[in-house]
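Structure first, commentary second.
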Amino acid sequence: MTKKIAFFGNERLATGITTKGLAKQALLDNGYDVSVIGKDSKNIEKELRLIKPDIGVLVAYGLIIPKEIINIPDFGIINIHPSLLPEGRGPSPIEEVILSGSKQTGVSIMSLVEKMDEGPVLVQQKVKLAGNEHKQELADSLLDLGSQLLIKCLSDIFSGNANPVPQSKTDVTYTHKIQKSDGIIDWKKTAAEVEREIRAYAGWPRSRAKINNVDCIVIDADITDNESKPGHLKVDKNHLSVGCATGSLSIKKLQPAGKRPMSANEFIRGYIK
């Protein structure tokens with residue numbers, strides 16, 4: 001008999017990214033009967049009892065699921081989390097791993113419990129990072145992996161071969177909620193820190209600064225060893241760089257307010273006399 005899946009989530013593993021619905025599509029492609037659950041909390045319990053799902057799958061749903069809801073599906077609810085739990089609990093594991101400059105991250109599939117991201121882990125896989133990933137790219141990669149792990153995990157659950165492992169209580173780390181103000185570039189940080197922020201905050205809240213007194217979103221940049229006063233703008237032919245606490249940031253692509261994204265060369269020709 002076809003297993004029924006209650007699917008919670010929009011699959012946006014991080015803020016400001018687009019999604020291709022990989023997890024839901026993987027479930028459909030593997031023959032599961034999928035019902036998408038909305039966010040109307042008054043009707044969720046009634047909706048689930050009518051569907052009578054075998055299990056729930058949650059991917060970036062955005063709401064805390066109460067125990068009475070978790071207990072409705074026969075096998076509870078499982079969650080794709082883009083981190084190596086118990087590291088990276090909370091709302092922004094993808095942004096945080098880029099900001100920290102970590103060499104690895106991963107995907108965990110856990111059973112949902114009332115407390116946030118504390119459920120036992122059913123399967124986990126590490127992913128090496130090159131150190132130049134942008135948020136959208138990393139989110140896509142982790143959701144692709146998570147979708148593959150999800151199908152295997154469901155097979156193990158339904159066949160009785162799942163082996164949930166309680167999370168360690170000593171290696172717990174928490175991520176913070178990203179605020180719009182986090183996107184304001186502080187040139188007193190190191191060039192490495194600012195460059196990581198540009199990649200982590202792509203899409204939203206986006207890294208913002210005044211470049212030659214023009215409000216801009218900085219889209220792409222490289223780190224250079226050139227030392228300059230923090231915030232000092234240097235223009236050298238087609239190159240645009242800003243000094244940081246250590247090193248400088250060579251800006252490759254930026255977007256003036258109300259304009260299209262452009263290269264440093266285009267910005268220099270249009271905005272710097």
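This chain uses plain numbering: 1 for the first residue, then up along the sequence. What's counted below: heavy atoms across the whole structure, side chains too, no hydrogens, waters or symmetry copies.
Within the 3.5 Å criterion, the main-chain N or O of Gln179 finds a donor-acceptor partner in the side chain of Asp182. At least one donor-acceptor pair under 3.5 Å links the side chain of Glu11 to the backbone N or O of Leu22. Using modelled atom types, one side-chain atom of Lys135 and one backbone atom of Trp204 make a donor-acceptor pair closer than 3.5 Å. For Glu133 (side chain) and Gly131 (main-chain N/O), a donor-acceptor pair under 3.5 Å exists by modelled atom type. Between the side chain of Ser108 and the main chain of Met110, no donor-acceptor pair closer than 3.5 Å is present. Although no hydrogens or angles enter the test, the distance criterion places a donor-acceptor pair under 3.5 Å between the side chain of Thr173 and the main chain of Gly88. Side-chain atoms of Ser248 come within 3.5 Å of backbone atoms of Asn226 as a donor-acceptor pair (strictly under, hydrogens ignored).
Applying side chain to side chain contact (heavy atoms under 4.5 Å, CB included) to Ile219 and the options Arg199, Gln255, Arg206, Met262 leaves one that passes, Gln255.
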Practice prompt. For Gln167 and Arg89, run side-chain hydrogen bond (donor to acceptor under 3.5 Å, both in side chains): C-alpha distance rounded to whole Å, both residues' side-chain angles, the deciding distance at 0.1 Å, then the answer.
Written response: CA-CA 11 Å; Gln167 293 186 37; Arg89 290 178 180 173; 3.0 Å; yes

Item to complete: Dump the intermediate steps for side chain to side chain contact (heavy atoms under 4.5 Å, CB included) on Leu240 and Ile272, then the final yes or no.
Response: CA-CA 10 Å; Leu240 194 66; Ile272 297 179; 3.8 Å; yes

Item to complete: Give the intermediate values and the outcome of side chain to side chain contact (heavy atoms under 4.5 Å, CB included) for residues Leu154 and Ile78.
Response: CA-CA 9 Å; Leu154 287 172; Ile78 60 175; 3.8 Å; yes

Worksheet item: Does the side chain to side chain contact (heavy atoms under 4.5 Å, CB included) test come out yes or no for Cys216 and Phe267, once each step is laid out?
Response: CA-CA 10 Å; Cys216 293; Phe267 182 84; 3.7 Å; yes

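Considering every non-hydrogen atom in both Pro93 and Thr175, the closest pair reads CA-CG2, 3.7 Å. Counting all heavy atoms, side chain and backbone alike, Val194 lies closest to Cys244 at CG2-SG, 4.5 Å. Between Gly146 and Ile80, the closest heavy-atom pair is O-CD1, 3.6 Å. Shortest non-hydrogen contact noted between Ile37 and Leu48 is CD1-CD2, 3.9 Å. For Cys153 against Leu122, the heavy-atom pair with the smallest separation is SG-CB, 3.6 Å. Between Asn10 and Ala60, the shortest heavy-atom distance links the atoms OD1-O, 3.0 Å.
For the atom pair CD1 (Ile5) and CG (Asp33), the distance works out to 8.5 Å, reported to the nearest 0.5 Å. We find the CD1-CD1 distance between Ile55 and Ile77 to be 9.0 Å, quoted to the nearest 0.5 Å. How far CD1 of Ile178 is from NE2 of His176: 3.5 Å, rounded to the nearest 0.5 Å. Taken to the nearest 0.5 Å, the CD1 atom of Ile17 stands 8.0 Å off from the CD atom of Glu95. The line from CD1 of Ile217 to CZ of Arg208 is 8.0 Å long, rounded to the nearest 0.5 Å.
Tyr271 and Ile185 fall within a single hydrophobic cluster, where Ile, Leu, Val, Met, Phe, Trp and Tyr are joined by side-chain heavy atoms under 4.5 Å apart, directly or via other members. Taken together through direct or relayed side-chain contacts under 4.5 Å among Ile, Leu, Val, Met, Phe, Trp and Tyr, Ile94 and Leu143 form part of one hydrophobic cluster.
A donor and an acceptor atom, one from each side chain of Asp29 and Gln25, are located under 3.5 Å apart. Neither side chain, Ser102 nor Ser100, offers a donor N or O lying under 3.5 Å from an acceptor on the other.
Open room surrounds NE2 on His239; 12 or fewer heavy atoms of other groups in view lie less than 6.0 Å from it.
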